[in-house]
2 protein chains.
Amino acid sequence: MTFKTENFSAMDEIDKKILMQLQLNAKQNTKEIADKVGLSVSPTYERIKKLEQQNYIKGYVALLNGTKIEKSIIVFCQISLAKHSKELMDNFRKEIGSLPEVMGCYHVSGNYDFLLKVAVSDMNEYQKFAVDKLSVIKELSNVQSSFVLEELKNDTVYEL
Amino acid sequence: MTFKTENFSAMDEIDKKILMQLQLNAKQNTKEIADKVGLSVSPTYERIKKLEQQNYIKGYVALLNGTKIEKSIIVFCQISLAKHSKELMDNFRKEIGSLPEVMGCYHVSGNYDFLLKVAVSDMNEYQKFAVDKLSVIKELSNVQSSFVLEELKNDTVYEL
DNA sequence: CTTGAAAAATGTCCCGT
DNA sequence: ACGGGACATTTTTCAAG
């Protein structure tokens, strides 16, 4: 009888380099990535497939220019709930998930409960969002909005 | 003499559908996208190239799983500056740009000046970030941290 | 716009080391 | 695991309706 081989294979430095390259530019072909990490095409290809299967990669997407597509207004909303029951949380989760204006939603510790990142095309749209979509959510006790004057950084790249 | 033809070609509904598909999954081939937007491959291909050239698309990237790569701690930092001179702002901009932990930085209106989204692997790393990297920035008058308990939504997809 | 074709580039997989 | 090479798919360009 032998011991089972561990199926748990941790990322090594080469995997990290591959992921970094894919984070920076997913349109690179396997050869380009292979050259940058110092391997040939085959092992690079296999590693990428493995990283995908192991769910290191959520997906491959195109990032759009907010300015070009008329989503120049970004607002952060600090939201406080009146109650904190599980049903309320689940309901809030569901409501937020269905709002396309909401690009980020975080349950946070501190002086308020949720932080929302909202992207809209103009003030009129924001007003409609705040009045018709946000404020209709039950048990919402307080909303404080901060308008973004300038986006200095908006990165999808994690340090590895 | 004739009037010049406008080189300004606005996006139509098909372009929006294409961009939406690319936002959702950039790994789709042209045929798949063509089917979804109701065109054949050739014009779909041409439209994508045109949208890229016209800078509608910032880039194509792989999105990683924060949990799988040991970046489970997300913190939002509300930062107030003591002064608001142009030099100070420019310096702050530069400093922030060089910090890989900072995934988002927004100059905002309201009770504080900047909102930072920071991703780190553990509390020790956060402490090092806060003490060695953030607090050393001159003229920083106040930092208030909100730790993310749960990420309900983190989307790169703009509504179109 | 559509269809279809063709060449070039890439992705994908098998095999020998 | 890696590297090379063969094969499949896709990208990219083009012509004709």
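Every chain is numbered from 1 and lettered A, B, ... according to where its sequence line falls, protein lines coming before strand lines. As the structure is a computational prediction, the values presented were derived from the model and not from experiment.
- In this model, the phosphate group of D/dT11 is not approached by any side-chain N or O of B/Tyr45 to a distance below 4.0 Å at OP1 or OP2.
- Taking the nucleotide of DNA chain C with the nearest heavy atom to each of A/Glu32 and A/Ser42, the more 5' of the two is matched to A/Glu32.
- Atom CG of A/Leu39 and atom P of D/dA1 are 11 Å apart (whole Å).
- When each of B/Gln28, B/Gln21, B/Gln23 is checked for a side chain to side chain contact (heavy atoms under 4.5 Å, CB included) with B/Asn25, only B/Gln28 meets the rule.
- The shortest distance between the side-chain N/O atoms of A/Arg47 and the OP1/OP2 oxygens of D/dC2 is below 4.0 Å.
- Contact annotation for B/Thr30: backbone-only contact, meaning every heavy-atom pair under 4.0 Å involves sugar-phosphate atoms and none involves a base.
- Atom-to-atom, CD of A/Glu46 to P of D/dC2 comes out at 10 Å; the value is rounded to the nearest Å.
- Using a 4.5 Å cut-off on side-chain heavy atoms (C-beta onward), A/Ser72 and A/Thr67 make no contact.
- As judged by a 4.0 angstrom heavy-atom cut-off over every strand, A/Lys49 is placed among residues touching the sugar-phosphate backbone only.
- Both tests pass for A/Lys27 against the ring of B/Tyr60: distance under 6.0 Å to the centre and angle within 45° of the axis.
- A/Thr156 OG1 to A/Lys58 NZ: the interatomic distance, rounded to the nearest 0.5 Å, is 9.5 Å.
- Rounded to whole Å, atom P of D/dG3 lies 11 Å from atom NZ of A/Lys31.
- Geometrically, B/Lys68 engages A/Tyr56 in a cation-pi contact, judged by NZ or CZ lying under 6.0 Å from the ring centre and within 45° of the ring axis.
- Between B/Asn55 atom CG and A/Leu64 atom CG the span is 10.5 Å, to the nearest 0.5 Å.
- Rounded to 10°, the helix from C/dC1-D/dG17 to C/dT17-D/dA1 has 20° between the axis fitted to its first five pairs and the one fitted to its last five.
- Computed from coordinates, the A/Asn29 CG to D/dT9 P distance equals 19 Å when rounded to whole Å.
- If you measure from atom NZ of B/Lys27 to atom C1' of D/dT11, you get 14 Å, rounded to the nearest angstrom.
- Counting to the nearest Å, the P atom of C/dC13 and the NZ atom of A/Lys50 are 16 Å from each other.
- C/dG11 atom C1' lies 12 Å from atom CD1 of A/Ile33, rounded to whole Å.
- Put simply, CG on B/Asp35 is 16 Å from C1' on C/dC1, counting in whole angstrom units.
- When each of A/Glu150, A/Lys153, A/Lys117 is checked for a side chain to side chain donor-acceptor pair (under 3.5 Å) with B/Tyr106, only A/Lys117 meets the rule.
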